[in-house]
Chemist: 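Provided herewith is a single structure, encoded as structure tokens, for subsequent inquiry.
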Amino acid sequence: AKGFNAATLYLAKDTTHLVLVYWLCINKKLVSWTGQKIQELFSSLLNMKKAGLMVRIDIPTAPANKKSAVELAQSFVAELSQQFSPEQNEYIFGK
């Protein structure tokens, strides 16, 4: 996939530590949560169909390995994008 920005969070609760990476893509466009709500409103008002995905990757990690977990997610996304056609990639990663 071409380069793009995805939200990346580090979550910790008790003994659970996660790096969470996610993004939203609607009609082949990357959108924020606000953009998603606007798209839903217009689609509803205009009775339009839309193709939408939320992709989320959770990587269990230790606090000292956050950077490695992010690098693993980047590598996974790069390899994943090579498994799809250009058209399919647009639905997942945007244009």
Chemist: With rounding to the nearest 0.5 Å, note down the distance linking SG in Cys25 to CG in Leu30.
Modeler: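 Interatomic distance, Cys25 SG to Leu30 CG, rounded to 0.5 Å: 5.0 Å.
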
Chemist: Only one of Leu20, Thr61, Val70, Leu18 passes side-chain contact (heavy atoms from CB on, under 4.5 Å) with Tyr10; say which it is.
Modeler: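 The residue from Leu20, Thr61, Val70, Leu18 that satisfies side-chain contact (heavy atoms from CB on, under 4.5 Å) with Tyr10 turns out to be Thr61.
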
Chemist: Mark yes or no for whether Trp23, through its side chain, and Ile92, through its backbone, hold a donor-acceptor pair below 3.5 Å.
Modeler: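 Judged by distance alone, yes, a pair lies under 3.5 Å.
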
Chemist: For atom NZ of Lys28, decide whether the heavy atoms of other residues, nucleotides or ligands shown that lie under 6.0 angstrom number more than 12.
Modeler: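 Enclosed: over 12 neighbouring heavy atoms sit under 6.0 Å from NZ of Lys28.
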
Chemist: Any idea which heavy atoms bring Leu53 and Tyr91 closest together, and the distance?
Modeler: CD1-O, 3.6 Å

Chemist: Between Ala6 and Val21, which heavy-atom pair has the shortest distance, and what is it?
Modeler: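 That would be CB-CG1, 3.8 Å.
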
Chemist: Rounded to the nearest 0.5 Å, how far apart are CD1 of Ile59 and NE2 of His17?
Modeler: 15.0 Å

Chemist: Can you tell me how far CD of Glu87 sits from NZ of Lys95, rounded to the nearest 0.5 angstrom?
Modeler: 8.0 Å

Chemist: Answer whether the closest heavy-atom distance between the side chains of Tyr22 and Thr8 falls below 4.5 Å.
Modeler: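 SC-SC contact between Tyr22 and Thr8 ruled out.
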
Chemist: Could you tell me the separation between the CD1 atom of Ile57 and the CZ atom of Phe76, rounded to the nearest 0.5 Å?
Modeler: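 The distance works out to 5.5 Å.
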
Chemist: Are the side chain of Gln88 and the backbone N or O of Ser85 linked by a donor-acceptor pair below 3.5 Å?
Modeler: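 Answer holds: yes.
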
Chemist: Phe93 and Val77: which non-hydrogen atoms are nearest, and at how many Å?
Modeler: CE2-CG1, 3.5 Å

Chemist: Working to the nearest 0.5 Å, report the span between CZ of Arg56 and CG of Leu24.
Modeler: 12.0 Å

